[in-house]
Amino acid sequence: MKDIDKKIDSVRTEAIAKKEKEKGRKLNAAETKEIEEDIKKAKDQMAAAKNSVKMAISMEFINDKEAVMRMKMSVDEAVLKQAGVSWAKRKAMKAGIALMPSSEKVKYTVSGNNIIIPDDKKPDTLRISDDGKYITGKMDEIQFKLTRTK
């Protein structure tokens, strides 16, 4: 969320600078307020988009080095529509999610109670509960908890 707030601040600064250059003067309070309202509307739409996406995750451990991670995503169009997201953007989101792979074979290593899934940028680390019934992890600042079924 901190990264998003930093990005919003930079977008705000850029938008104000662009308008000031366009008008050849400093913006007055009403013009600045208009930019703030546009940014707030965009931020609200982003929050609605985030809240409209549901994700189900499961992992199947094939052997002691490989697992299959399955993800099923869905979009609640009613939430997006209520937030004022246009029909085209809603359809684009659904199409983008439909194109995402639903499963991925991953290699992993176990270190104590941690399952480490290597990645080019940053390895994912999942934690096994002490009783072995749960795996917890974090994906894009969203924490999840998987329950063992077998």
Q. Considering residues at least two apart in sequence or located in another chain, which fulfil the salt bridge (Lys or Arg N to Asp or Glu O under 4.0 Å) criterion with K23?
A. E31

Q: Could you tell me the separation between the NZ atom of K54 and the CD1 atom of I97, rounded to the nearest 0.5 Å?
A: 11.5 Å

Q) Are any non-hydrogen side-chain atoms of E20 and R25 less than 4.5 angstrom apart? A) no

Q. Donor-acceptor pair, S111 side chain versus N114 backbone, under 3.5 Å?
A. no

**Q.** With sequence neighbours excluded, residues passing ring pair (Phe, Tyr, Trp, His ring centres under 6.0 Å) with F61
**A.** Y108

Q.
Would you say Y134 ends up clustered with I116 if hydrophobic residues are merged whenever their side chains have heavy atoms under 4.5 Å apart, either directly or through other cluster members?
A. no

Q: Please collect all ring pair (Phe, Tyr, Trp, His ring centres under 6.0 Å) contacts where either partner lies in residues 70-106, sequence neighbours excluded, each pair once.
A: none

**Q.** Steps toward side chain to side chain contact (heavy atoms under 4.5 Å, CB included) verdict (L146, M59)
**A.** CA-CA 8 Å; L146 304 177; M59 279 190 84; 4.3 Å; yes

Q. Which residues satisfy the side-chain hydrogen bond (donor to acceptor under 3.5 Å, both in side chains) test with E66, sequence neighbours excluded?
A. K107

(Q) What's the separation between atom NZ in K133 and atom CD1 in I128, rounded to the nearest 0.5 Å? (A) 15.0 Å

**Q.** Minimum side-chain heavy-atom gap K145-I57 below 4.5 Å
**A.** no

Q) Do I115 and R127 have side chains that get closer than 4.5 Å, going by heavy atoms? A) no

Q.
Return the OG1 to CD1 distance between T13 and I35, rounded to the nearest 0.5 Å.
A. 10.5 Å

Q: Please write out which residues are connected to V68 in a hydrophobic cluster, directly or through intermediates, given that two of Ile, Leu, Val, Met, Phe, Trp, Tyr count as joined at side-chain heavy-atom separations below 4.5 angstrom.
A: I62

Q) Would you say L99 and M93 are hydrophobically clustered, going by side-chain heavy atoms of ILVMFWY under 4.5 Å? A) no

**Q.** Straight-line distance of E34 CD to T32 OG1, nearest 0.5 Å
**A.** 9.5 Å

With a cut-off of 3.5 Å and sequence neighbours excluded, list every side-chain donor-acceptor pair involving residues 69-79.
unit_1 : atom_1 : unit_2 : atom_2 : d
R70    : NH1    : E60    : OE1    : 3.1
R70    : NH2    : E60    : OE1    : 3.3
D76    : OD1    : A78    : N      : 3.2
E77    : OE1    : K91    : NZ     : 3.4
E77    : OE2    : K91    : NZ     : 3.4
E77    : OE2    : K94    : NZ     : 3.3

Q: Find the distance between NZ (K33) and CG (L27) and round it off to the nearest 0.5 Å.
A: 15.0 Å

Q: Decide side chain to side chain contact (heavy atoms under 4.5 Å, CB included) for L126 and F144; before the verdict, give the C-alpha distance in whole Å, the side-chain angles of both, and the deciding distance to 0.1 Å.
A: CA-CA 10 Å; L126 307 174; F144 61 89; 3.7 Å; yes

